[in-house]
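The next block holds one structure in the form of structure tokens; read it before the comments.
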Amino acid sequence: MLFDVNPKVRREDLYDREGELEEILRALGLGERFITVYGVRRVGKTSLLKVALREARVPHAIIDVRRIYFEYRSVSRSYLYKELASYFTQNLSFYNRLGFKVKDFFGRLKGFHVSEFGVEVEPIPQISFTDLLERINDWCEKKGVRFVLAFDEAQYLRFSGKVRYDGVFAWCIDNLPNITIIVTGSEVGVLRDFLRVDDPKAPLFGRYMREVYVSRFTREQSIDFLVKGFRELGRNVKVEEIEEVVEIFDGIVGWLTHYGYYRAVRGMSHKVALKEVFEKGSQLELMELEKLIEPSRNRYLGILKAVAQGATSWSDIKAYLIVKTGYIDDKTFTQLLKNLVKYGYLVKENNKYRIADPIVKYLVLEKL
Ligand SMILES: Nc1ncnc2c1ncn2[C@@H]1O[C@H](COP(=O)(O)OP(=O)(O)O)[C@@H](O)[C@H]1O
Ligand SMILES: [Mg+2]
């Protein structure tokens, strides 16, 4: 169902993304070792990743780094292992179909064991991350397969304490031919900073990587997506309503999906469904936004409110901010503004700023 609000797993539930899927599959087919997937929040990165890895029929694990961070407030090795183990547990039947013997594999791996409940990690796993990768690589080499390890919302790996994952990734790319690493990120700028891809002294600098950009749907795609989604559920919806929704949600498929779900599955009217997307959607955005603006909450909020209320230029936003929160020097102000672009909350085009997501705009104006 197109309007399922969970990340899509099956290709038939994924609208379009043919080009992006093709690109990931081609990279895997060529044995490429490092793939990055960029795109704003709720544009469909996780869905693309899940569908691609199923389609590729390769052994893989997807680690939801953001979830780990928000659950535990840190991203330590043992939490990563726990997530890895639970991914295998949840996908046992997929691995069986592939002929990947999960029991056999983890049975030999220090720190992990397989019980009747699935794959489990010992409380203090003895195996280092690089050792683990090496073991996976060896195992794959014997079987003649490739393992794909995906870090979803990988920018949160920066909260991992002392392990430098950019270094680990570079090492893996150089030494482990049977492993492909995929990283996705909503905060494109933050992820690129974290990977230090533009820093000549950093381990990943200058390395070949496949970069896949997941963009917003065009107006035509958004309309077609809604029409197909409603048709699939046997619902007829007025053209004017569809156009209004497409206008509001600006190509972000996540919000279109929520609207479709409220409308066609929950049976709400157009107005109520729209309101629900804003209410529920802003709740979904709140926690992450709060976390990111925490270091300078009043000023960040001041900037977001200024832009939400229509200020677009550097100087107008600054003037608004000074009225709200007092004096700020140019350098600090510019830095905060840049950070909001990096985090993906603001978009800068032709030297004008706007809020990237209508739900965030609503959140900023109505709830904060
Ligand atoms: N191409 C697509 N076709 C149908 N639904 C999609 C598509 N991409 C994303 N969705 C839906 O949009 C929502 C957000 O998708 P998700 O993959 O979680 O985005 P992201 O990982 O970029 O935040 C989910 O409800 C998902 O089912
Ligand atoms: Mg995601």
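Just follow the structure's listing: the first ligand is 1, and inside any ligand the first atom is 1.
Remark: of the listed residues W255, Y259, F249, F249 is the sole one forming a ring pair (Phe, Tyr, Trp, His ring centres under 6.0 Å) with F278.
Pairs of residues two or more places apart, or lying in two chains, that qualify as side-chain hydrogen bond (donor to acceptor under 3.5 Å, both in side chains) and include a residue from residues 96-111 are D104-R108.
Side chain of S47 to backbone of G44: no donor-acceptor contact under 3.5 angstrom is found.
Between Y345 and Y343, the two ring planes are perpendicular [angle over 60°; tilted spans 30° to 60°].
Take the Mg ion (ligand 2) and draw a sphere of radius 2.8 Å; the protein N/O/S atoms inside it number 1.
Proximity of H258 to E276: side-chain heavy atoms (C-beta onward) are nowhere separated by under 4.5 Å. Taking the side chain as every heavy atom from C-beta outward, E153 and S186 approach each other to under 4.5 Å.
Both L14 and Y38 are part of a single hydrophobic cluster, where members link through side-chain heavy atoms under 4.5 Å apart.
Scanning for salt bridge (Lys or Arg N to Asp or Glu O under 4.0 Å) contacts around D4 gives an empty result, with sequence neighbours left out.
Closer than 4.0 angstrom to ligand 1 lie heavy atoms from L2, D4, V5, N6, P7, K8, D13, L14, Y15, R17, V40, R41, R42, V43, G44, K45, T46, S47, F217, F225, V253, G254, T257.
With respect to E120 and K82, no salt bridge is recorded, no charged nitrogen being found less than 4.0 Å from a carboxylate O.
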